[in-house]
Amino acid sequence: MTDRFDILIVGAGHGGAQAAIALRQRKFNGSIGIIGEEPELPYERPPLSKDYLAGDKPFERLLVRPAAFWEERVVALLTGRRVVAVDPAVQAVTCEDGATIAYGTLVWATGGHARRLSCTGHDLAGVHSVRSRADVDRLLVELPDTRRVVVIGGGYIGLEAAAVLSKLGKQVTVLEAQDRVLARVAGEPLSRFYETEHRAHGVDVRLGTSVTCIEEAAGRATGVRLASGEVLPAEMVIIGIGIVPAVEPLMAAGARGGNGVAVDAHCRTSLPHIYAIGDCALHANPFADGLPIRLESVQNAHDMAATAVRAILGEPAPYHAVPWFWSNQYDLKLQTVGLSAGHDAVVTRGDPAARSFALIYLREGRVVALDCVNATRDYVQGRALVAVSAMVDPAALADIGTPLKSLVPIASH
Ligand code: FAD
């Protein structure tokens, strides 16, 4: 079968769906197709480790748009199909089933696949990732027969899963190889705060701990063996050690990149007529000092979709969105804005013991990021400080009597 779309999107996740939505919003009249390897209509991933895992939200409420929306906008959804090759010379992709689909412009929005452990036992029954609906559904089936869970990886997804499962009455252990949780994404005070919270909720948080293998009986995981020799018995093991960007077909076609596919400020790859957006796109981010990074957030997927669509439609505007992110654990709502990596000072605003505070990260005296815990007002007002990299007196930032909006430099109001 050969088909052709003026704009073909590979990946029916946050970025892919948003690109199609933005194209139609901007009155693009050509044909649009989205190929996605998952069987579902585009859905929101964040609830997978939050309300969906907890059983508080049915899958239907995760859909980005109902089925009728895609029909009305004439967006062809080719779900349950995986692209395995891209031929930029003839402008076509090949699916696993051998079908070829041609494109005028290709938008690559494939996110990433859950990184696997390399040790023995990583593929046993009872070992799970939390990346897709199918992953979580598999896990939920086993949950009633599960008493003890070991979560490997103390990043956001691992910690969110730990929070939900401990609230469901499971005995949860979190193993983190580094000396603090959230080491890759947050400053030390935030890590310590979350370690304390999880322990207070009965989660056994073990730092500086590496895994030797997953133990088994009859093909099922029975526990996790640590480098120390200790074995932690568990009926379920959850792996939360990040993702591997899904870019093999593009790289095989000659795209530049490495940890992701390299894109310019308009989300163009080095291959003609091919854009890349979202988790898989390696880009020079203005809020990371122009360093090449990949961001794994809904914000980034949405804003890159908008950037690519503008470029495709001949109305280019470079990517310059302020990064933001959130995480829900227990009754704690974390909202972050900016990127804290590379900060040289942290101001604490409010009292972590009161479970409502903000950490404000500075680099060379300028505000580069905020992590706000149950402090939405600071998050909302602090965004402007990050947007303009405001130079602010740390004492004023720490003073909860001084609204952050009053510290935004006048010229940028
Ligand atoms: P995705 O949404 O992952 O979509 C990519 C799609 O492409 C997938 O369906 C994939 O199966 C498909 N695909 C891959 N390869 C191929 C191929 N070769 N052919 C066809 N299809 C393919 N972000 C936040 O901002 N806040 C949060 O609280 C938050 N929580 C999260 C919780 C969980 C459990 C997870 C997994 C992610 C969370 N994220 C959160 C991150 C956020 O969901 C991602 O950053 C976002 O989904 C990225 O969008 P994307 O379009 O780049 O990729």
Side-chain angles (χ1 to χ4, degrees), residues 7-23 25 32-38 40-49 62-65 75 77 79 82-83 86 93 103 105-115 130-133 155-157 185 242-251 255-271 274-288 292-312 317-326 339:
I7 299 183
L8 179 62
I9 299 165
V10 181
H14 279 272
Q18 193 56 37
I21 292 168
L23 281 163
Q25 271 170 352
I32 304 175
I34 307 183
I35 306 180
E37 69 182 342
E38 295 184 70
E40 294 87 3
L41 295 176
Y43 63 89
E44 293 174 8
R45 240 164 258 283
L48 294 179
S49 51
L62 270 52
L63 291 178
V64 171
R65 294 286 190 280
V75 173
L77 279 166
T79 51
R82 180 175 164 74
V83 170
V86 177
V93 303
Y103 60 81
T105 300
L106 185 68
V107 178
W108 193 261
T110 53
H113 296 118
R115 188 181 294 281
V130 183
R131 182 74 201 165
S132 64
R133 180 211 187 174
Y156 283 123
I157 291 175
V185 287
I243 63 165
V244 179
V247 294
E248 303 87 343
L250 277 191
M251 303 314 274
R256 269 205 298 275
N259 172 30
V261 58
V263 296
D264 69 9
H266 299 282
C267 297
R268 288 182 295 231
T269 69
S270 58
L271 300 173
I274 304 182
Y275 293 74
I277 61 175
D279 284 13
C280 69
L282 183 69
H283 65 285
N285 193 292
F287 294 91
I293 59 168
R294 286 189 307 100
L295 285 177
E296 295 169 15
S297 68
V298 170
Q299 168 277 314
N300 180 62
H302 281 194
D303 289 333
M304 279 193 161
T307 300
V309 162
R310 291 191 69 121
I312 292 166
Y319 186 61
H320 196 91
V322 178
W324 56 264
F325 186 84
W326 76 96
L339 299 173

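Side chains are part of it too, since the values below use all heavy atoms of this structure and drop only hydrogens, waters and symmetry mates.
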Of all the heavy-atom pairs spanning [X] and [Y], show the shortest one and how long it is.
X	Y	answer
D303	A321	OD2-CB, 3.2 Å
P245	G260	CG-N, 3.5 Å
I34	A20	CD1-CB, 3.8 Å
V261	V247	N-CG1, 3.9 Å
G15	A305	O-CB, 3.7 Å
F325	S297	CD1-CB, 3.8 Å

Rounded to the nearest 0.5 Å, how far does [atom2] of [Y] lie from [atom1] of [X]?
X	Y	atom1	atom2	result
Y103	L8	OH	CG	8.5 Å
I274	R268	CD1	CZ	13.5 Å
L62	L48	CG	CG	6.0 Å
W326	Q299	CH2	CD	10.0 Å
Q18	M304	CD	CE	14.0 Å
R256	L271	CZ	CG	9.0 Å

Has the side chain of [X] got a donor or acceptor atom that lies under 3.5 Å from a matching backbone atom of [Y]?
X	Y	answer
R294	D279	yes
R131	R115	no
W108	A246	yes
T269	A255	no
N300	L295	yes

Do H283 and N285 have side-chain N/O donor and acceptor atoms under 3.5 Å apart?
->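 There is such a pair (donor and acceptor under 3.5 Å, judged by atom type) between the side chains of H283 and N285.
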Side-chain contact test, heavy atoms from C-beta onward, threshold under 4.5 Å: evaluate it for [X] versus [Y] and give yes or no.
X	Y	answer
V83	T110	no
I32	I9	yes
N259	P292	no
P46	V298	yes
V86	V10	no

Given V309, which of L23, I21, I277 fulfils the side-chain contact (heavy atoms from CB on, under 4.5 Å) condition?
->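 Single side-chain contact (heavy atoms from CB on, under 4.5 Å) partner of V309 among L23, I21, I277: L23.
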Could you check Y275 against V263 for side chain to side chain contact (heavy atoms under 4.5 Å, CB included), going step by step and ending with a plain yes or no?
-> CA-CA 7 Å; Y275 293 74; V263 296; over 6 Å; no
SB check E38 R45 (cutoff 4.0 Å) |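 Yes, E38 and R45 are salt-bridged.
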